[in-house]
Amino acid sequence: MRLSKKTGVVAAGAALALTLTACAGGGAGSSNGDTDAGETTEGGTIGVAMPTETSERWIADGDAVQSGLEAAGYEVDLQFAGDDIPIQTQQIDAMITGGVDALIIAAIDGTALTSQLDAAAAAGIPVISYDRLIRDSENVDFYVSFDNEKVGVAQATALLYGLGLTDEAGEPTGEEGPFNVELFAGSLDDNNAHFFWKGAMETLQPFLDDGSLVVPSEQTDISQAATLRWQQETAQKRMEDLLTSTYSGGEELHGVLSPYDGLSRGIITALQGAGMGGETIEDGLPVVTGQDAEIASVKLIQDGVQQSTIFKDTRKLADQAVIAAEAYLAGEEPEANETETYDNGVKIVPSYLLEVDTVYADNITELLVDSGYWTQDEIDAGQAE
Ligand code: GAL
């Protein structure tokens, strides 16, 4: 029996949950247009462009979107671009000339896809911007993401909580510090990096203003804190440079704002390499935040090395992308829950935003294991199965 499209989405969600319970973050092929024999494919073909396979979060996103779409009866052309902008533009060009019926794109550089999006519009192909907003084009139809500014607020709150300046909810404790921190931002060509930074800096500002928080390097501008392509090695190098330039006289560093787990691991490597505080937070290692609940970082959190991460349930994001694609293919508009914030420079893109959670050592089980995102064995191993 062929499922109706609507039922298909529900089935997709259930299938997806089962798949990810079994192998969250497990390796995906870099390209896949296959469907099982007998599977319904008259729903059309959806092109899915993901930025890179070097981060397990994007592999999990690709897997989840693909299985959700396939369970809903679509063929999928899934491509990863190795964080190389020309490769991503070529992949999207090929999807358009290959005749896909809709595009789901997580851009490497949010400003580099204008001509691809013009071609998509000319061919009547709806474009769903996935997690990262595509900028400078009127031909972005819909945006599915998390509340990115709240991610930044949550990261800064975790840092303040880790230092003891606030409680877990962000209420000031009256502690006066001063605490020394350094700040990292993501890739400036990723629209999200600016939202994370804005949310974080607005949260930290009162504590910077009253002197309970100090940035000894004075690098408090996003352009100084940025990390091109979100590269772990780049963050490690900048942290090493900061330790040399600012902390070689024996100054203490108490915390680091990091917007992504890959950067956090680079920063932690630099801190441990320089003997800054100790091997764990308990031994005096600075408090380092994160994002994405990547398995290697979840293990570090369990081991008391990384302080926190922001959990973005990629299964839910994938479900929203599938729902949006289905709406377009049925000739309808997807339902937005945010229609004011995401101005891409040309228009405000209707968006569907999801909520996030902050993971600390004491709620790993509740947020990540009980939800089936990672198994306890994977966390203990620090590796996806
Ligand atoms: C951002 C995304 C983050 C993180 C980062 C690095 O766009 O929102 O969750 O994955 O890219 O990949």
Side-chain angles (χ1 to χ4, degrees), residues 24-25 49-65 80-85 88 104-113 128-135 140 143-155 158 184-200 222 225-236 257-267 289-298 306 308-318 320-321 341-342 344 349 351-359 368 373 384:
M50 290 283 153
T52 179
E53 274 178 305
T54 57
S55 153
E56 86 210 358
R57 99 141 263 201
W58 295 113
I59 298 174
D61 283 271
D63 269 354
V65 174
F80 293 88
D83 262 341
D84 185 301
I85 299 164
Q88 186 166 59
I104 297 175
I105 302 173
I108 298 166
D109 179 333
T111 64
L113 298 175
I128 298 159
S129 193
Y130 186 91
D131 195 58
R132 300 172 170 175
L133 185 64
I134 303 174
R135 295 190 53 83
V140 186
Y143 179 44
V144 292
S145 190
F146 295 86
D147 189 324
N148 293 301
E149 193 166 332
K150 274 200 200 154
V151 170
V153 172
Q155 288 167 338
F184 282 69
S187 196
L188 295 181
D189 53 8
D190 178 348
N191 197 57
N192 287 353
H194 301 270
F195 278 85
F196 302 151
W197 182 260
K198 179 168 183 282
I222 189 171
T227 316
L228 183 64
R229 295 284 110 73
W230 302 90
Q231 288 294 312
Q232 177 165 339
E233 304 72 32
T234 308
Q236 181 177 334
L257 176 80
S258 167
Y260 160 58
D261 286 344
L263 306 190
S264 313
R265 295 195 296 276
I267 292 162
T289 63
Q291 175 172 206
D292 283 352
E294 291 203 332
I295 191 63
S297 285
V298 176
Q306 183 174 321
S308 59
T309 188
I310 307 302
F311 173 42
K312 298 159 70 169
D313 193 332
T314 50
R315 298 168 299 187
K316 293 185 182 160
L317 185 59
Q320 285 309 320
T341 307
Y342 286 94
N344 79 345
V349 183
S351 310
Y352 195 98
L353 303 185
L354 294 158
E355 296 295 318
V356 298
D357 288 303
T358 308
V359 177
L368 301 176
Y373 198 75

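In each ligand, atom 1 is the first atom listed, and ligand 1 is the first ligand listed. Just the heavy atoms: all of them, side chains too, but no hydrogens, waters or symmetry mates, feed the values below.
- Applying the 4.0 Å criterion to heavy atoms of Lys312 picks out, from ligand 1, the atoms 2 (C), 3 (C), 8 (O), 9 (O).
- Here the heavy atom of the protein found nearest to atom 2 (C) of ligand 1 is Asp131 OD2, 3.2 Å.
- Within ligand 1, the atoms closer than 4.0 Å to a non-hydrogen atom of Arg132 are 1 (C), 5 (C), 6 (C), 7 (O), 11 (O), 12 (O), numbered from 1 in the order shown.
- Closest to atom 12 (O) of ligand 1 among all protein heavy atoms lies Trp58 NE1, 3.0 Å.
- Using a 4.0 Å cut-off between a side-chain N of Lys or Arg and a carboxylate O of Asp or Glu, Arg57 and Glu294 do not qualify as a salt bridge.
- Judged by distance alone, with hydrogens and angles left aside, the side-chain atoms of Asn344 form a donor-acceptor pair with the main-chain N or O of Ile134 at under 3.5 Å.
- Centroid-to-centroid, the aromatic rings of Tyr352 and Tyr143 stay 6.0 Å apart or farther.
- In this structure, the side chain of Ser187 does not engage the main chain of Leu228 through any donor-acceptor pair within 3.5 Å.
- Close contacts of ligand 1 with Asp190, meaning ligand atoms under 4.0 Å from a residue heavy atom, involve 1 (C), 7 (O), 11 (O).
- Taking atom 4 (C) of ligand 1 as the reference point, the nearest protein heavy-atom neighbour is Asp292 OD2, 3.2 Å.
- Side-chain atoms of Tyr260 and Gln232 include no donor-acceptor pair closer than 3.5 Å.
- Residue contacts with ligand 1, taken as heavy atom pairs separated by less than 4.0 Å, involve Phe196 solely via side-chain atoms from C-beta onward.
- Looking at every heavy atom in both residues, Asp261 comes nearest to Asp292 through OD2-C, 3.7 Å.
- Where the criterion is an N or O separation shorter than 3.5 Å, residue side chain and backbone included, Asn192 meets it with respect to ligand 1.
- Smallest separation of non-hydrogen atoms from Ser258 and Ile267: CB-CD1, 3.8 Å.
- Using a 4.0 angstrom heavy-atom cutoff, Phe146 does not count as in contact with ligand 1.
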